[in-house]
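Have a look at the structure below, then the notes.
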Amino acid sequence: MGVRFKATHVVLAMLCAMYFITYVDRVNIGTAASEIQKELGLSNTQLGLVFSAFAYPYLLFQVIGGWVGDHFGPRKTLFWCGMIWAAATISTGFVNGLAALFVARFALGFGEGATFPTATRAMQYWTPANRRGFAQGLTHSFARLGNAVTPPVVALLILWLTWRGAFVVLGLVSLVWGVIWVWYFRNEPKEHASITEAELAALPPRPSGERPRVPWGPLLGRMWPVTLTYFCYGWCLWLYLNWLPLFFKNNYNLDIKNSALFASGVFFAGVVGDSVGGVISDKILDRTGNVRLARLSVTVTGFAGALLSLFPILFVHDITVVALCLSAGFFCAELVIGPMWSIPMDIAPKYSGTASGLMNTGSAFAAIVSPLVAGFVIDATGNWYLPFLMSMGLLLLGGVSAFLMHPERPFADAEGPSLAGRVVAAE
């Protein structure tokens, strides 16, 4: 008799795989950047523009994509997103200049823009309310695992197939995921052939009646502090994702293989941070029933820890010390992921796709500004440490702005209090 996996666990595993693949496809250019830069003759400022190309449609489709996920459901939305970002990744292997590379990365952002808000919508009904922090932390830890394995994997693919072949292979993997997703997943858990009654009983109820219209004004009023806080986190994240391999390669005169290994080591710290932050947040919620304490305590600790961890690299430039400091900083920054992605579901579960899209708009905007500013500063000064100094300022702002968030106050409209309020009241 074969092992039978729970349908809820399979769906979570597939979302983990999606987060992993999307991050491989969005950060692969960081490892390939030195080869692309050499072949296409790009400056650091031009490279920063290419890095930011992903983020323009990514920013636009955070809210639009969240609405699409709410309206059409995660099954179709994530399938078509997968097809688009796979095609964009494959096409990157065929570019012949700055403009074509910009367009390919732009298309990648178009495909990936709706993925995380829509995945939050999928988790909303496939994950028990008291496991949200764990589910968000776990899926995002797979995103960071994608960060961690991408540098050495892409470096090996480049040595084997050139950087162009590397993008083609990675895009084909995305195509396979999309086909499996649309075959297995169902928007309604009760419609899945493999789900059990016990699993259904543990899942939150679906709202009955017509699909509610999004109350944009009040929702924006509740979500803007969350968006600001996530922008501060995103500034630091995108500096790491885009520039870290080049930081090690150019600042310490390493080859592509060794710079990839150092970058990979830093990114692995984020894998642990994502999972730990979500688990701790859920445990605090279970023990206290205090949503605000559970989310803010971990978030503020993460920002403070990241800031303190980066401080020594301004004075000590030994590569081992710097790598350890960057790893500790990335670990602490990633602690905020689980609680932050739980907050949209805590505040507005009926609009969780849209609310999480509003939140991730902050990170998407940071993905535009952070690489552009870093590339310009590096070209203008030749100093690879100044971008990290700027990130320290944003980490301080993020820690302060976190206190403006109120996940303990359920978003209420004409249809009554949210699920988050009922969960806390039950405890």
Side-chain angles (χ1 to χ4, degrees), residues 55 59 62 133 136-137 140 218-241 269-270 273-274 276-278 280-281 284-285 288 290-314 325-326 328-348 355-374 377 385-411 420:
L59 170 63
Q62 287 311 295
Q136 288 287 7
H140 282 82
L219 190 58
L220 283 167
R222 287 299 308 279
M223 291 301 298
W224 76 260
V226 187
T227 302
L228 173 61
T229 303
Y230 208 59
F231 168 81
C232 297
Y233 158 80
W235 183 287
C236 184
L237 171 69
W238 289 101
L239 177 66
Y240 271 88
L241 298 187
D274 274 317
V276 170
I280 292 175
S281 181
I284 294 173
L285 180 60
T288 68
N290 189 325
V291 177
R292 191 165 195 256
L293 176 65
R295 307 311 185 206
L296 265 64
S297 60
V298 180
T299 299
V300 174
T301 299
F303 276 115
L307 172 61
L308 293 175
S309 297
L310 289 180
F311 190 73
I313 74 172
L314 302 179
C325 289
L326 290 172
F330 200 54
F331 168 83
C332 292
E334 292 305 298
L335 289 174
V336 313
I337 283 290
M340 285 298 297
W341 277 89
S342 298
I343 287 174
M345 294 189 283
D346 295 328
I347 291 176
S356 59
L358 288 171
M359 182 191 77
N360 207 28
T361 297
S363 177
F365 183 60
I368 295 174
V369 183
S370 179
L372 286 173
V373 171
V377 168
Y385 292 94
L386 284 179
F388 289 98
L389 176 61
M390 299 172 68
S391 287
M392 291 170 63
L394 270 295
L395 289 168
L396 177 61
L397 175 60
V400 173
S401 67
F403 289 98
L404 300 175
M405 304 187 299
H406 288 281
E408 81 284 4
R409 299 177 186 172
F411 181 78

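Basis for what follows: all heavy atoms, side chains included, without hydrogens, waters or symmetry-related copies.
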Decide if atom CZ of Phe311 counts as having more than 12 heavy atoms of other residues, nucleotides or ligands within a radius under 6.0 Å. no
Can you find a pair of side-chain heavy atoms, one from [X] and one from [Y], that are under 4.5 Å apart?
X: Leu358; Y: Val226; result: no
X: Val300; Y: Val336; result: no
X: Leu296; Y: Pro407; result: yes
X: Arg409; Y: Ile347; result: no
X: Phe303; Y: Leu396; result: no
X: Phe388; Y: Leu326; result: yes
X: Asn290; Y: Leu285; result: no
X: Leu310; Y: Leu395; result: yes

What's the separation between atom [atom1] in [X] and atom [atom2] in [Y], rounded to the nearest 0.5 Å?
X: Ile280; Y: Leu335; atom1: CD1; atom2: CG; result: 6.5 Å
X: Ser391; Y: Leu239; atom1: OG; atom2: CG; result: 4.5 Å
X: Cys232; Y: Leu397; atom1: SG; atom2: CG; result: 3.5 Å
X: Leu228; Y: Tyr233; atom1: CG; atom2: OH; result: 15.5 Å
X: Ile343; Y: Ser356; atom1: CD1; atom2: OG; result: 12.0 Å
X: Glu408; Y: Arg295; atom1: CD; atom2: CZ; result: 11.5 Å

Side-chain donor-acceptor pair under 3.5 Å between [X] and [Y], yes or no?
X: Tyr240; Y: Glu334; answer: no
X: Ser401; Y: Thr229; answer: yes
X: Trp238; Y: Ser363; answer: yes
X: Tyr230; Y: Trp341; answer: yes

Looking only at heavy atoms, what is the nearest atom pair of [X] and [Y], with distance?
X: Pro339; Y: Gly278; answer: CD-N, 4.4 Å
X: Met359; Y: Met340; answer: SD-O, 3.2 Å
X: Pro312; Y: Leu308; answer: CD-O, 3.3 Å
X: Ala306; Y: Cys332; answer: N-CB, 3.3 Å
X: Ser309; Y: Gly305; answer: OG-O, 2.7 Å
X: Gly338; Y: Ser342; answer: O-OG, 2.8 Å

Pair Met223, Leu220 - check side-chain contact (heavy atoms from CB on, under 4.5 Å), show working. CA-CA 5 Å; Met223 291 301 298; Leu220 283 167; 5.9 Å; no
Just by modelled atom types, is the Gly277 backbone N or O under 3.5 Å from a matching donor or acceptor in the Ser281 side chain? no
Donor-acceptor contact below 3.5 Å, side chain Arg222 vs main chain Met405: no
